[in-house]
There are 2 protein chains.
Amino acid sequence: MESQKRKPRADAVRNRELLISAARDVLKTGGPNASLEAVAREAGVGIGTLYRHFPTREALFHAVFSRDLEDIVVLAEGQETAADPVAALRSWLHANVALVETKRGMLGALSVVMTPESKEAYSGDMQRIKAAVDRLLERAAEAGQIRDGVTSEDLLQTMYALCYAREPGPDWREKVLKLLDIFLDGLKL
Amino acid sequence: MESQKRKPRADAVRNRELLISAARDVLKTGGPNASLEAVAREAGVGIGTLYRHFPTREALFHAVFSRDLEDIVVLAEGQETAADPVAALRSWLHANVALVETKRGMLGALSVVMTPESKEAYSGDMQRIKAAVDRLLERAAEAGQIRDGVTSEDLLQTMYALCYAREPGPDWREKVLKLLDIFLDGLKL
DNA sequence: ATATATACGGAGGGTGCCTCCGTTTTGCAA
DNA sequence: TTGCAAAACGGAGGCACCCTCCGTATATAT
């Protein structure tokens, strides 16, 4: 192996971190169309540096959210041994909504995640989430509690769609959960 | 009454129509973030003219879609006398999805409709749609076929959310209808 | 200490947003 | 008709953002 690699430069590592952190802030208020130049300014680096680290908007988003995605995965995997599969599903979805709520800007930004172009970039995390949710769905279907033929993708898409449909506001969570629960009820049988 | 009005200028009327027509084309391919300057170019008028006729992006969208909204309203009002309220609801929603499908660019653009800022501009058409759908919901609820406490806004929001969640593709309609039907099933009881 | 691979920054060219205002066109009345 | 004021036109201008490119700076390895 010619893995005679140099150690990564310290400034590069530092700047990357600064950018992610700045992006987190800017996305929070600016949503998915937030200005990347603003991110660079906030991070105190040149715009060129931003683009070198993250060639596309999606790449930056990915870096910002991969940790949050991690939380979601852990949550899903934690539910896998729960007694009531449907309740587990519901509970995971609710937790998920709550997470989206706290992240605010993430709400809009997450929609970017679901677009086909970025599917590839996210494949790693998404794969794990999908796998976990699929196991939950399968368990519930086997227990005869929900219809089958419903994929984790269906469920995730619906959840994010409902989150995304409504502007943040005082009754945001309440409304989203209401619609989500109706959907879950439709799943039963 | 001092309605001593001048006749509206011919060029103004003509340009307005050109703009709407150009906007329809540009939105079809460009989605909700399409360039307004492109619309003006396409229409062969100056950008200033566009902004004079339509002070905001929403105003332009409204002009473009008000005819389509009209179709939807007529559809809803036509269902009001149907025998089975739930079937009527489902049938209207399906027709609605089909309409969204044919309009393509409308898909994204419609999301603009649902944002709070534009609520006012749309109040006219939206009021009629909501009224019609509310009557359908009410009938179904009175017949004891669906839960109550669900508003037309809930339903519309969900439908548009599901339409919007998925990129157009070969199985677009199939998937959207699947999810929508699940939701409707959740409504029953 | 020096070389060189790496990374940095920001100028530059392109596009879009929206406003403002000098110029043109149009409807109406004389 | 002609004249004129109201109404509409167009696009320049100022600002922000996007993304690329490349001359300059710097960290690592020898």
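The chains referred to below are lettered A, B, ... by the order of the sequence lines, with proteins before strands, and numbering in each begins at 1.
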Report the distance from atom [atom1] of [X] to atom [atom2] of [N], rounded to the nearest whole Å.
X: Leu18(A); N: dC8(C); atom1: CG; atom2: P; value: 10 Å
X: Phe54(B); N: dG10(D); atom1: CZ; atom2: P; value: 14 Å
X: Glu37(A); N: dC15(D); atom1: CD; atom2: C1'; value: 12 Å
X: Leu36(B); N: dT15(C); atom1: CG; atom2: P; value: 16 Å
X: Leu50(A); N: dT20(D); atom1: CG; atom2: P; value: 12 Å
X: Arg14(B); N: dC9(D); atom1: CZ; atom2: P; value: 8 Å
X: Ile47(B); N: dC15(D); atom1: CD1; atom2: P; value: 19 Å

State whether the side chain of [X] and the backbone N or O of [Y] hold a donor-acceptor pair below 3.5 Å, judged by distance alone.
X: Asn15(A); Y: Ala12(A); value: no
X: Trp92(A); Y: Glu77(A); value: no
X: Arg90(A); Y: Leu184(A); value: no

Quick check on [N]: is either OP1 or OP2 less than 4.0 Å from any side-chain nitrogen or oxygen of [X]?
X: Thr49(A); N: dA7(C); answer: no
X: Ser35(B); N: dC17(C); answer: yes
X: Asn15(A); N: dC8(C); answer: yes
X: Arg52(A); N: dG10(C); answer: no
X: His53(A); N: dA7(C); answer: no

Describe the nucleic acid contact of Ala40(B) in one word from base, sugar-phosphate, nothing, applying a heavy-atom distance below 4.0 Å. nothing

Remember a base hit wins even if backbone is also touched, and classify Arg16(A) as base, sugar-phosphate or nothing at under 4.0 Å, heavy atoms. nothing

Could you grab the distance from atom CZ of Phe65(B) to atom CD1 of Ile72(B), nearest 0.5 Å is fine?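 Here the rounded value is 10.0 Å.
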
Can you give each donor-acceptor pair under 3.5 Å made by side-chain atoms of residues 143-150 of chain A, sequence neighbours left out, with the distance rounded to 0.1 Å?
residue	atom	partner	partner atom	Å
Arg147(A)	NE	Gly186(A)	O	3.4
Arg147(A)	NH2	Gly186(A)	O	2.7
Arg147(A)	NH2	Asp185(B)	OD2	2.8

Considering only distance and modelled atom types, tabulate donor-acceptor pairs under 3.5 Å from the side chains of residues 31-54 of chain B, sequence neighbours left out.
residue	atom	partner	partner atom	Å
Ser35(B)	OG	Glu37(B)	N	3.2
Ser35(B)	OG	Ala38(B)	N	3.0

Tabulate protein N/O versus nucleotide N/O from nucleotides 4-6 of chain C, keeping only pairs under 3.5 Å, one per line.
residue	atom	partner	partner atom	Å
dT6(C)	O2	Arg9(A)	NH1	2.0

Is the closest basic N to carboxylate O distance between Glu70(A) and Arg128(A) below 4.0 Å? yes

In terms of side-chain heavy atoms of Lys7(A), which of dA29(D), dC19(D), dA7(C) is nearest? dA29(D)

Between Gly48(B) and Tyr51(A), which has a closest nucleotide on DNA chain D that is more 5'?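 Closer to the 5' end of DNA chain D: Gly48(B).
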
